[in-house]
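Indexing begins at 1, ligand by ligand and atom by atom, following the structure's order.
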Amino acid sequence: MTRMVDSGLWMLDKIFGTRNSELRTMIIAIDGPAGAGKSTISRLIAARHGWTYLDTGAMYRAVTLMAVEQGIAPADEDELGALARNVEIGFKPGPGGSPQVFAGCRDVTHEIRSQDVSALVSEVSAQGAVREALVEKQRAIAARGNVVMDGRDIGTVVCPGADVKIFLTASNPERSRRRRLELQQKGVEVSQAQMEREIAARDDYDSSRELAPLKAADDAIIIDTTNMTIEQVVDKISEIIEKQLK
Ligand code: CDP
């Protein structure tokens with residue numbers, strides 16, 4: 001019992017960075033703008049080490065989807081906050097390694113990636129009550145340890161004590177190209193110009209919001225992936241992790 005309490009306290013120290021933890025368990029924070037490759041890279045890093053991957057963007061997307069369906073306005077902080085507190089968001093390993101996302105027992109993996117949700121998610125995510133509720137859920141998962149988390153504010157707000165902080169970025173045209181390819185594979189056609197506008201709008205919204213804006217933590221390692229392959233990025237981050245583990 002005492003051991004469990006102790007290790008719980010150690011994990012809190014680790015999340016908040018209040019003490020230099022010697023626990024052999026890792027929290028990896030991967031932040032960055034849309035289309036920088038965070039989810040692909042985070043998933044591969046987690047798989048390589050047998051760790052948990054937590055896609056925090058999927059949580060904001062799930063709340064946004066539920067809000068749209070329940071007719072809650074993106075500016076209605078109280079209702080959105082209640083929704084974010086009450087919805088149980090779960091993840092299960094899916095086919096091909098990418099996690100399935102659940103809201104309660106409903107599989108929302110595909111619906112949360114719709115253009116409608118993408119268009120509203122930044123506004124919903126800017127609401128303090130939503131962030132408070134989701135950050136609490138994210139820290140509860142981080143507290144289990146050995147987790148790779150991707151998002152916008154993991155290294156700055158959710159887990160400022162993370163062992164490794166990476167800020168992944170790439171040029172807008174390259175990020176738009178990647179996002180278009182992803183959509184094309186799902187049969188959705190969007191022009192390069194429109195994608196660049198959408199990505200720029202979301203970058204602006206996410207970077208300029210008052211709460212937990214998108215930015216690299218002071219101690220984050222910035223990796224520009226514009227001219228890098230997925231393998232190169234995974235190798236680079238793995239090297240950084242290996243050094244930290246020694
Ligand atoms: O995959 P993509 O880069 O399009 O974005 P995402 O990771 O699915 O996140 C969708 C949106 O959720 C972002 O544009 C942010 O507005 C918000 N978000 C956030 O505010 N904080 C996070 N930790 C993760 C996502």
Side-chain angles (χ1 to χ4, degrees), residues 15 27-43 53-68 74 77 80-81 84 89 91 98-99 101 103 108-139 141-142 147-160 162 165-170 172 174-183 185-186 188 190 195-217 220 225:
I15 290 170
I27 298 179
I28 313 293
I30 302 197
D31 290 304
K38 298 183 303 291
S39 55
T40 307
I41 304 292
S42 304
R43 191 158 44 74
Y53 163 49
L54 179 61
D55 176 356
T56 65
M59 300 173 82
Y60 288 95
R61 286 174 176 273
V63 170
T64 305
L65 173 70
M66 307 301 283
V68 171
E77 182 174 0
L80 289 173
I89 304 169
F91 296 87
S98 62
V101 187
V108 294
T109 313
H110 300 294
E111 282 155 290
I112 60 168
R113 307 280 162 205
S114 73
Q115 290 288 86
D116 287 353
V117 170
S118 297
L120 286 172
V121 63
S122 288
E123 211 175 330
V124 170
S125 312
Q127 300 296 343
V130 173
R131 304 205 71 80
E132 206 176 298
L134 295 190
V135 167
E136 193 181 315
K137 292 182 202 280
Q138 291 157 15
R139 284 183 180 147
I141 296 169
V147 62
V148 181
M149 302 170 79
D150 85 19
R152 302 290 188 284
D153 60 343
I154 309 303
T156 51
V157 174
V158 182
C159 298
K165 296 183 191 178
I166 304 289
F167 191 84
L168 278 191
T169 186
N172 177 329
E174 174 59 18
R175 291 189 285 124
S176 300
R177 190 190 66 79
R178 293 176 188 169
R179 202 31 70 88
R180 277 180 73 214
L181 274 180
E182 235 173 65
L183 287 172
Q185 280 158 8
K186 294 184 206 158
V188 181
V190 183
M195 201 69 244
E196 287 184 17
R197 276 196 301 276
E198 280 181 28
I199 293 260
R202 202 132 63 84
D203 284 357
D204 267 2
Y205 210 111
D206 290 345
S207 318
S208 60
R209 71 181 175 214
E210 213 170 298
L211 289 170
L214 165 69
K215 68 164 191 227
T225 70

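- With sequence neighbours excluded, no residue forms a side chain to side chain donor-acceptor pair (under 3.5 Å) with Thr156.
- No more than 12 heavy atoms of other residues, nucleotides or ligands shown are found within 6.0 angstrom of CD on Glu136.
- Although no hydrogens or angles enter the test, the distance criterion places a donor-acceptor pair under 3.5 Å between the side chain of Lys38 and the main chain of Pro33.
- Looking only at side-chain heavy atoms (C-beta outward), Arg61 and Val101 stay at 4.5 Å or farther from each other.
- Protein residues with any heavy atom under 4.0 Å from ligand 1: Ala34, Gly35, Lys38, Thr56, Gly57, Tyr60, Arg61, Arg113, Val121, Ser122, Ser125, Arg131, Gly151, Arg152, Asp153, Arg179, Arg202, Asp206, Arg209.
- Enclosure of atom NZ in Lys137 by more than 12 non-hydrogen atoms of other residues, nucleotides or ligands within 6.0 angstrom is indicated.
- With respect to the salt-bridge test (charged N to carboxylate O, under 4.0 angstrom), the residues Arg202 and Glu198 do not qualify.
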